[in-house]
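Beneath this line is the structure, given in structure tokens, with notes to follow.
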Amino acid sequence: MDNIAGSKSSLGWVVQISTVLLVALWIFPTVGLLVSSFRTADQISSSGWWAALFPSEQSQRYRVADPDDNRSNVDGVYVVKGNFFTENRGGGDIKSWGTSSREIGAYAPGEVADLGDGETFSVDAEGNYAWTGNDEQISGRGQRAFVTAVSPPEFTFNNYNTILFSGTAGDNMTKAFFNTLTVTIPATVIPIVVAAFAAYALAWMDFPGRALLIAIIVGLLVVPLQLALIPLLSLHVGIGIGKGYLGTWLAHTGFGLPLAIYLLRNYMVGLPRDIIENAKVDGATDFQIFTKIILPLSFPALASFAIFQFLWTWNDLLVAKVFLIDSTGQTTVMTDQIVNLLGTRGGNWEILATAAFVSIAVPLVVFFAMQKYLVRGLLAGSVK
Amino acid sequence: MNPALLGLITIIAGVGGCIGYFYLSNQFLDKVLFPAKGPNAGQNINRANLIRPWLFLFPALFALGLYLAYPVFETLRLSLTDRDQGGAFVGLENYQQMFSEPKFWEALSNNMLWLIVVPAAATAFGLLAAQLTDRIKWGSVAKSLIFMPMAISFVGAAVIFKLVYDTRPVDQNQIGILNAVWLQFEGGIGSFLFLKALPALVLASFAGIVAYVGWIFIQPIANRNDEGLGFIPLRLFVGSAALYLVWLSVKSLAGLFVFSFPYGEPQTWLTIPFWNSFFLMVVLIWIQTGFAMVILSAALRGIPEETIEAAIVDGANPLQVFFKIKVPQIMGTIVVVWTTITLVVLKVFDIVFAMSNGQWETQVLANYMYDKLFRADEWGVGSASAIIIMLLVSPILIWNVYNARKEMK
């Protein structure tokens with residue numbers, strides 16, 4: 001907007017670079033976790049996740065296969081041949097190698113090291129080695145070699161396999177995933193229905209006390225749900241619901257209603273008056289107007305609230321901890337299980353990162369798919 | 001019963017029950033109670049229309065009353081009673097006990113720190129991001145990426161940042177990026193530039209901007225502009241707050257050059273008292289900036305271009321355009337963003353619970369309350385701290401209701 005005076009802003013590049021920096025700063029933490037979830041425990045604890053994106057250079061000590069079993073005799077010259085990488089773990093492209101720990105990069109791949117008295121040793125780029133000498137030299141323990149290899153970035157799906165299919169009870173998230181889903185869907189659908197009718201009444205029906213009701217709902221928007229924990233838990237226990245899904249759905253419905261009514265009412269008030277009055281003249285009842293006209297027209301607002309409520313219930317920890325999770329642990333949700341993992345497996349980043357990403361993945365998909373409605377809801381929902 | 005099946009039944013029963021209730025109650029009203037025919041048809045239609053709104057409202061009002069309004073009063077009652085004495089009325093004893101606990105004061109002062117830093121930082125970053133992304137071609141992509149943390153749960157964000165703050169012993173490779181960056185500094189000229197000169201520059205420009213904003217507020221008094229005396233206390237308040245912030249920045253600026261950093265030692269960031277609260281706040285700022293950006297960017301685009309054009313023609317510099325033309329016009333939105341984030345901050349629980357659980361002096365009110373209610377089993381004190389949270393929220397509640405009523409008139 002500063003360009004309107006005519007001159008193209010000379011700050012263009014500064015703006016571009018600052019934005020790149022800001023965006024990088026904002027996505028870096030998440031990328032770190034995502035990359036870590038595809039690395040093995042060894043990789044995570046030996047180097048930072050940023051190192052995983054580039055080829056890594058690793059020095060490793062190997063020993064030639066036992067000469068007494070593996071040597072072959074050709075005209076009195078004994079040879080042991082083999083490959084370091086197939087005999088041991090590891091791989092990559094060998095950059096340099098050596099035979100002493102003080103000079104681990106003394107030779108290039110393919111070079112032949114003279115070990116004295118006709119004893120030679122060579123390693124090529126793929127890890128194939130040849131150790132030659134006389135009967136006495138090629139015996140006892142195998143020749144040592146220090147190999148520096150460059151291996152390409154390496155990623156694994158094993159962590160996801162552990163978390164989703166094969167882990168122990170503490171690590172496996174499948175049950176918690178379905179528990180979260182079980183909490184989320186009814187807790188998203190039910191408040192929409194209840195709120196839509198109320199919003200219609202507040203937007204298009206005339207009755208005494210309407211303004212007061214709207215003011216009360218605006219007030220309830222900000223009541224911290226912390227206040228509701230103990231009274232409602234006592235209530236649930238008192239009427240026999242106890243801790244369980246039913247109580248959680250009811251609690252999420254109650255806590256989500258003010259925002260739902262507020263958002264939907266604001267949207268419905270903006271619908272054209274003519275349509276509704278024409279329908280009334282044609283003899284439609286309020287119930288018909290609501291289901292046939294208002295609901296279809298309010299789809300964007302319904303979608304906005306649905307996303308809010310979905311994200312909120314999926315990501316919730318407090319309500320689940322208070323109203324759902326009992327001592328059997330059968331009804332644990334993903335957020336709770338991750339907090340437990342933080343306590344019991346605080347150092348096992350491959351487990352933690354993968355578990356966190358399994359729980360983040362669904363909201364992220366919803367977010368990127370329906371961002372339009374989320375933004376629209378935010379703009380309408382922040383009390384002006 | 002299988003929970004998935006139970007969920008399905010609940011959806012069908014809940015949705016079907018709601019729709020059935022609305023349909024049948026309307027039918028009952030129109031066909032049985034006040035039928036729109038016969039001798040009293042006109043009167044009956046009027047009566048039915050008096051009752052119908054309440055049929056539509058009843059389920060929502062019932063749920064709101066039971067799940068939000070009733071608990072406020074019940075919590076207030078619980079905070080005045082003692083559960084161990086069978087719910088006997090004990091007056092303000094719970095509050096007295098709470099006020100005598102150092103952990104409560106730690107939680108309260110941390111919460112105040114959160115209340116100042118998080119909304120300010122999130123709004124400032126949001127404003128910066130909105131300004132930057134509105135000017136470039138790939139702005140919408142940048143916006144989505146900055147906005148993305150909104151979809152991530154507080155617990156997920158806690159795991160993400162635990163990895164950022166991770167610490168390894170000094171002889172191992174650091175896997176937390178903050179320590180990896182920290183160990184690059186060894187006390188040389190680079191360290192001086194990045195850890196002393198750069199923060200000093202940031203502090204100085206912060207002080208400069210605060211002083212400038214303060215001056216904008218104070219100036220009309222000095223010039224004896226008469227625009228109503230009512231604004232003078234507000235202007236003086238903002239001015240003195242700005243002066244205080246400038247003094248604080250100058251003081252920290254001086255402290256910065258004296259302070260000697262422990263170079264070369266990996267730090268366990270979450271156990272450094274006082275500063276660890278800031279490392280936790282970063283998580284919430286990271287999440288909330290996207291929200292601030294989206295709202296403020298919409299507000300900035302809504303500013304009429306003529307006002308900016310006129311200012312530029314009159315020779316205003318970019319800073320003046322921003323602070324004197326743009327910011328005053330989106331002030332209402334800034335207040336909305338600020339209060340919304342304030343509400344989130346007051347309720348912040350998951351981040352502290354998952355990252356430090358209030359150890360190392362990072363306690364906040366919501367987590368303190370959870371501790372009291374579900375670990376110490378002291379319902380009275382827990383309820384009392386919930387009431388404190390409610391008290392802190394209530395100015396915003398009143399302000400919102402006041403504005404909503406004004407808008408409707």
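Every chain is numbered from 1 and lettered A, B, ... according to where its sequence line falls, protein lines coming before strand lines.
- Contacts of B:A129 with chain A are made by both backbone and side-chain atoms, with heavy-atom separations under 4.5 Å.
- Proximity to chain B (any heavy atom under 4.5 Å) is shown, for A:L250, by both the backbone and the side chain.
- Of the atoms belonging to A:L374, it is side-chain heavy atoms, and not backbone ones, that fall under 4.5 Å from chain B.
- Chain B forms more heavy-atom pairs under 4.5 Å with one residue of A:A195, A:A251, A:A353 than with any other, namely A:A251.
- When each of B:T289, B:L66, B:T333 is checked for heavy-atom pairs under 4.5 Å with chain A, B:T289 comes out on top.
- For the set B:G156, B:S144, B:P59, the entry with the most heavy-atom pairs within less than 4.5 Å of chain A is B:S144.
- Proximity to chain B is absent for every atom of A:V366, based on heavy atoms less than 4.5 angstrom apart.
- Interface residue B:V164: only side-chain heavy atoms are found under 4.5 Å from chain A.
- Ranked by heavy-atom pairs under 4.5 Å with chain A, the first of B:F161, B:F353, B:Y402 is B:F353.
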Original post:
Do B:W54 and B:L61 pass the side-chain contact (heavy atoms from CB on, under 4.5 Å) test, and can you show the C-alpha distance, the side-chain angles, and the key distance before you say yes or no?
Top reply: CA-CA 9 Å; B:W54 301 102; B:L61 289 187; 4.0 Å; yes
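- In this structure the side chain of B:K143 reaches within 4.5 angstrom of the side chain of B:D134, judged on heavy atoms.
- Chosen from A:L34, A:V322, A:L212, the residue pairing most often with chain B at heavy-atom distances under 4.5 Å is A:V322.
- When the candidates A:L25, A:V193, A:I230, A:L257 are compared by the number of heavy-atom contacts under 4.5 Å with chain B, A:I230 comes out ahead.
- Checking each of B:T75, B:V72, B:L78 against B:I387 for a side-chain contact (heavy atoms from CB on, under 4.5 Å) leaves exactly one that passes, namely B:T75.
- Taking 4.5 Å as the limit, some side-chain heavy atom of B:D166 sits within range of a side-chain heavy atom of A:W349.
- With a threshold of 4.5 angstrom between heavy atoms, A:P258 approaches chain B through its backbone and through its side chain.
- Interface residue B:P53: backbone and side-chain heavy atoms are both found under 4.5 Å from chain A.
- Both the backbone and the side chain of B:Y23 come within contact range of chain A, each with at least one heavy atom under 4.5 Å from a heavy atom of that chain.
- When side chains are defined from C-beta on, A:V319 does not count as touching A:V183, because their heavy atoms never get closer than 4.5 Å.
- Contact of the B:M293 side chain with the B:L128 side chain is not registered, since no non-hydrogen atoms from C-beta on lie closer than 4.5 Å.
- Between A:F197 and B:F22, the two ring planes are parallel [angle under 30°; tilted spans 30° to 60°].
- For a residue to count as touching a neighbouring chain, one of its non-hydrogen atoms must lie under 4.5 Å from one of that chain's; by this rule A:F368 touches chain B with the side chain only.
- In this structure, chain B has heavy atoms under 4.5 Å from both the backbone and the side chain of A:A198.
- In this pair, B:Y370 and B:F349 present their aromatic rings tilted. The plane angle is within the 30 to 60° band.
- Proximity to chain B involves both the backbone and the side chain of A:A211, based on heavy atoms less than 4.5 angstrom apart.
- Taking the centre of each ring, A:W312 and A:F308 stay at or above the 6.0 Å mark.
- Only the side chain of B:L343 comes within less than 4.5 Å of a heavy atom of chain A; its backbone N, CA, C and O stay farther away.
- You'll find the side chain of B:F154 stays beyond 4.5 Å of the side chain of A:L317, heavy atoms only.
- With a 4.5 Å cut-off on non-hydrogen atoms, A:L235 touches chain B through its side chain but not through its backbone.
- Taking B:A151, B:A158, B:A63 one by one and counting their heavy-atom pairs under 4.5 Å with chain A, the maximum is reached by B:A151.
- Interface remark: B:Y70 contributes side-chain atoms only to the contact with chain A (heavy atom separation under 4.5 Å).
- Contacts of B:M369 with chain A are made by side-chain atoms alone, with heavy-atom separations under 4.5 Å and no backbone atom involved.
- Interface residue A:T335: backbone and side-chain heavy atoms are both found under 4.5 Å from chain B.
- No more than 12 heavy atoms of other residues, nucleotides or ligands lie within 6.0 Å of CZ in B:F125, so this atom counts as exposed by the packing criterion.
- Counting non-hydrogen atoms of neighbouring residues, nucleotides and ligands closer than 6.0 angstrom, the CZ atom of A:F178 reaches no more than 12 such neighbours.
- Each of B:V337, B:L132, B:D350 has some count of heavy-atom pairs under 4.5 Å with chain A, and the biggest count is that of B:L132.
- Nearest heavy atom pair, residue A:F207 against residue A:A201, reads CE2-O, 3.6 Å.
- Looking only at heavy-atom pairs under 4.5 Å with chain A, the residue among B:S153, B:A69, B:G332, B:P149 that has the most is B:S153.
- In summary, the side chains of B:N179 and B:Y165 do not present any donor paired with an acceptor at a separation below 3.5 Å, with no hydrogens or angles considered.
- Only the side chain of A:S36 comes within less than 4.5 Å of a heavy atom in chain B; its backbone stays farther off.
- In this view, B:A157 and B:I152, B:V283, B:W286, B:I287 satisfy the side chain to side chain contact (heavy atoms under 4.5 Å, CB included) rule, not counting sequence neighbours.
- Heavy-atom distances place both the backbone and the side chain of B:L163 under 4.5 Å from chain A.
- Interface remark: of the candidates A:L232, A:I216, A:L202, A:L232 forms the most heavy-atom pairs closer than 4.5 Å to chain B.
- A:I360 touches chain B through its side chain: at least one heavy atom from C-beta onward sits under 4.5 Å away, while N, CA, C and O do not.
- Only the side chain of A:F28 comes within contact range of chain B, judged by heavy atoms closer than 4.5 Å.
- Nearest heavy atom pair, residue A:V333 against residue A:A320, reads CG2-CB, 3.7 Å.
- Counting all heavy atoms, side chain and backbone alike, B:K347 lies closest to A:Q226 at O-NE2, 3.5 Å.
- Of the atoms belonging to A:A196, not a single heavy atom falls under 4.5 Å from chain B.
- Side-chain contact between A:W314 and A:M334: present, with at least one pair of heavy atoms (C-beta onward) separated by less than 4.5 Å.
- Only the side chain of A:L311 comes within contact range of chain B, judged by heavy atoms closer than 4.5 Å.
- Residues satisfying the ring-ring contact (aromatic ring centres under 6.0 Å, His included) test with B:F322, not counting sequence neighbours, are none.
- Per-residue heavy-atom pair counts under 4.5 Å with chain B were compared for A:P224, A:A187, A:G254, A:A228, and the maximum is reached by A:P224.
- Of all the listed residues (A:L233, A:L22, A:V189), the one sharing the greatest number of non-hydrogen pairs under 4.5 Å with chain B is A:L22.
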